[in-house]
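The model shown is predicted, which means the values in this text are computed figures rather than measured ones. What you see below is based on every heavy atom in this structure, not just the backbone, and it leaves out hydrogens, waters and symmetry mates. Whatever order the structure lists them in is the order used to number ligands and atoms, beginning at 1.
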Amino acid sequence: MTSLAAAIRAALLAGDPRAKLMAARGVARDWRLGRLDFAFDCAMPDRPARPERPELLAPGRMPKRGKGGSLRGRIALWHALAHIEFVAIDLALDMAGRFGGEMGPDFVSDFLKIAADEAMHFAILQRHLASMGAAYGDLPAHDGLWEAAHLTRHDVAARLAVVPMVLEARGLDVTPPTIERVRQAGDGAGVRILERILDDEIVHVRIGTKHFTAVALARGEAMEDLWKMLVIRHFTGAIKPPFNDSARLACGLSREMYHAVALPGVAL
Ligand SMILES: [Fe+2]
Ligand SMILES: [Fe+2]
């Protein structure tokens, strides 16, 4: 039987978008059907494979998207979202493959399900781009998400604190205003896509908080204090208002937690 680690590693090392999508869905399905051995006999790659395009730029070098409703502006928005979902596939795979051995089969099941969700999100966004005559890879993208995760590769608590509980939680804040903009532009299909993604992302953040809480308990630490400490130590970006307090609360993130580490009064 193939080991779980080997199957996840192979999916991380698939670079072509279609191959990555199929591999992520395949590993989630094979695990669910009991076709993979719960064994961690190989290491996860430092960096997952990426397609030749999009060109990856440093976050500060990305061209400004602008807020206009022009076709170019719309394509830039959907391309950026597709890239986030593409990287999210790897983030979920890496979580399961890197930390699954110490965290156990339920953890693996949760994060492989998330990887399959992200693959589905990417596929839907790719289709939406195609409906505008564009494709993933047409524009540059940045690798800030992977970099932020990479800094926490040594510790599952730090990884959970930063990836689901900061980066994915950020999606809960920014998606509702994006939905409004897309609605105002008359893109009903786009609105439905984003609403679907938002629902799934709430589940993803909640799963992250659940496992983080279990790790904190096992280490004899107060969950909220451990999270704040790890975010301050390992997250180099800014945590900025406005926050989607109700969605965050539904995921187990209290206002007190993220307000304690947020930059006050920083505009988006
Ligand atoms: Fe997603
Ligand atoms: Fe997600």
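Atom CD of Glu52 sits in a sparse spot, with 12 or fewer heavy atoms from other residues, nucleotides or ligands closer than 6.0 Å.
For Lys228 and Glu256, the salt-bridge test passes: some basic side-chain N is under 4.0 Å from an acidic carboxylate O.
Sorted by first and then second residue, the salt bridge (Lys or Arg N to Asp or Glu O under 4.0 Å) pairs involving residues 140-167 (not counting sequence neighbours) are Arg47-Glu147, Arg50-Asp143, Asp94-Arg159, Asp155-Arg219.
Atom ND1 is the N/O/S atom of His204 found closest to the Fe ion (ligand 2).
Glu168 lies close to the Fe ion (ligand 2), since one of its N, O or S atoms is found at a distance under 2.8 Å. At least one N/O/S atom of Glu85, from backbone or side chain, sits under 2.8 Å from the Fe ion (ligand 1). At least one N/O/S atom of His121, from backbone or side chain, sits under 2.8 Å from the Fe ion (ligand 1). For the Fe ion (ligand 1), the set of nearby N, O or S atoms under 2.8 Å includes none belonging to Asp200. Among the backbone and side-chain atoms of Glu118, an N/O/S atom is found under 2.8 Å from the Fe ion (ligand 2). The Fe ion (ligand 2) has Glu201 among its coordinating residues (N/O/S atom, backbone or side chain, under 2.8 Å).
Both the sub-6.0 Å distance and the 45° axial angle are satisfied by Arg248 relative to the ring of Tyr258.
For an aromatic pair to be called close, the ring centres must be under 6.0 Å apart, and Phe86 with Tyr136 satisfies this.
One N or O on the side chain of Arg9 and one on the backbone of Ala43 form a donor-acceptor pair closer than 3.5 Å.
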